[in-house]
Trainee: 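Sharing a structure here in structure tokens format.
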Amino acid sequence: MLIDLHCHSTASDGALTPQALWAMARERGIALLALTDHDSMAGYLALRDIEDSGLQLVAGVELSCQWQGVNIHVVGLGLDADHPTLIQGLVQQGESREQRARTIGERLAKAGMAGAYEGARRIAGEAVIGRPHFAQFLCEQGHVRQPTEAFDNYLGAGKLGDVKVHWPELSTVIDWINAAGGLAVLAHPIHYRLTNAKLGRLLTEFVTAGGRGMEVVSGTQTQDQTRYMARLSREFGLLASMGSDFHGPETLWRGLGVRALLPEGCTPIWEALQA
Ligand code: AMP
Ligand code: MN
Ligand code: MN
Ligand code: MN
């Protein structure tokens, strides 16, 4: 069985519209799909009324937050998109993103790259704005050749566009997800580049705050990394999730859909999500 519990559409920083993503999932024979746009459920809302016996859609979102100064992503799965606490949280996230984008624009202007906020806003269109939209603008203007170069030089950790936004605390976004009846899943634990000890502390606090799962497989990772994540999921009693973190056909990241196979002893989160 193919599933995907983490991917992006044009409602955030993905390249495909929710409908095109749905069509791709259909074509690939994916059985279970969660669209998890950054801080937005607009893509999910555009798809939720589709009747399709071959492909089950799970309500999803990827929320930005902070824990001990680290920018952490928490995926919410199986949530009620109409819950007022969640809706209010998403409004707040959208406002934080807008404010951050204006500051990024000001900083880039001071460094000689004018009009970046306006450019990124135009590229984002209806989407919640994010650094990838700035990366695309900097490419268009010839300031960089590739989006990755934009992150390396201007937008990535420690660079001028790395504006420390006051994202809510980890426990706050977990509360929003739980209020809306969803399962909170720690996204791509390997990406944070934490020491084993610090990752252990993050997982301890994640569980205490009401987190229920973690991504044992995210995008492309080595077998060793998968085994390590599987061990942590067992140790911390977390449900195991899997997703591609697909952003579009042109990116080098993994394609849509992952085989629903986990190392021994993991408890698949999708068994708790399937109708
Ligand atoms: P933001 O949500 O605005 O903080 O931007 C983070 C997003 O930027 C991630 O979800 C990725 O899609 C993208 N991203 C992060 N690092 C890179 C990179 N080095 N190259 C290209 N895209 C990146
Ligand atoms: Mn992204
Ligand atoms: Mn993420
Ligand atoms: Mn993601």
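Both counts, for ligands and for their atoms, begin at 1 and track the order of listing. Side chains are part of it too, since the values below use all heavy atoms of this structure and drop only hydrogens, waters and symmetry mates.
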Trainee: So if you build clusters from Ile, Leu, Val, Met, Phe, Trp, Tyr with side-chain heavy-atom gaps below 4.5 Å, do L5 and L262 land together?
Mentor: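 Hydrophobic grouping puts L5 with L262.
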Trainee: Counting distance only, does the side-chain N/O of D245 pair as donor-acceptor with the main-chain N or O of H6 below 3.5 Å?
Mentor: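 No, the answer is negative, given that no donor and acceptor are paired below the 3.5 Å cut-off.
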Trainee: Applying the 4.5 Å side-chain criterion to the ILVMFWY set and letting contacts propagate, would L45 and V128 be lumped into a single cluster?
Mentor: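 No, separate clusters.
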Trainee: Quick check for you: within a radius under 2.8 Å, how many protein N, O or S atoms neighbour the Mn ion (ligand 3)?
Mentor: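 With waters ignored, the protein N/O/S count below 2.8 Å is 3.
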Trainee: Filter the ligand 1-protein atom pairs down to N or O on both sides and distance under 3.5 Å, then list them.
Mentor:
| residue | atom | partner | partner atom | Å |
| --- | --- | --- | --- | --- |
| ligand 1 | 2 (O) | R97 | NH1 | 3.3 |
| ligand 1 | 2 (O) | R97 | NH2 | 3.0 |
| ligand 1 | 3 (O) | R97 | NH1 | 3.3 |
| ligand 1 | 3 (O) | R100 | NH2 | 2.4 |
| ligand 1 | 3 (O) | R131 | N | 2.8 |
| ligand 1 | 4 (O) | R100 | NH1 | 3.1 |
| ligand 1 | 4 (O) | R131 | NE | 3.2 |
| ligand 1 | 4 (O) | R131 | NH2 | 2.8 |
| ligand 1 | 10 (O) | H38 | NE2 | 2.9 |
| ligand 1 | 12 (O) | D13 | OD2 | 3.1 |
| ligand 1 | 12 (O) | H247 | NE2 | 2.9 |

Trainee: May I ask whether L203 and Y192 are part of the same hydrophobic cluster, defined by side-chain heavy atoms of I, L, V, M, F, W, Y residues being less than 4.5 angstrom apart, directly or through others?
Mentor: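 Hydrophobic grouping puts L203 with Y192.
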Trainee: With side chain to side chain contact (heavy atoms under 4.5 Å, CB included) as the test, would you mind laying out the steps for F206 and L238 before giving the verdict?
Mentor: CA-CA 10 Å; F206 183 75; L238 288 164; 4.1 Å; yes
Trainee: Say whether V173 and V91 are linked into one hydrophobic cluster, either directly or through other cluster members, by side-chain heavy-atom distances under 4.5 angstrom.
Mentor: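 As far as the 4.5 Å side-chain criterion goes, V91 and V173 are not connected within one cluster.
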Trainee: Has Q221 got a side-chain atom pairing as donor or acceptor with V216's backbone, closer than 3.5 angstrom?
Mentor: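 Judged by distance alone, yes, a pair lies under 3.5 Å.
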Trainee: Under a 4.0 Å threshold between the charged nitrogen and the carboxylate oxygen, would K159 count as salt-bridged to D162?
Mentor: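 Looking at D162 and K159, the cut-off is not met.
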Trainee: At the Mn ion (ligand 2), what angle lies between atom NE2 of H247 and atom OD2 of D13, rounded to 10 degrees?
Mentor: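 My answer is 110°, to the nearest 10°.
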Trainee: Closer than 3.5 angstrom, by distance alone: can the side chain of E215 be matched with the main-chain N or O of G243 as a donor-acceptor pair?
Mentor: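 Flag not set: sc E215 to bb G243 has no pair under 3.5 Å.
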Trainee: Pick from H38, H191, H8: which one makes a ring-ring contact (aromatic ring centres under 6.0 Å, His included) with H73?
Mentor: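 Result: among H38, H191, H8, H38 is the only option passing the ring-ring contact (aromatic ring centres under 6.0 Å, His included) with H73.
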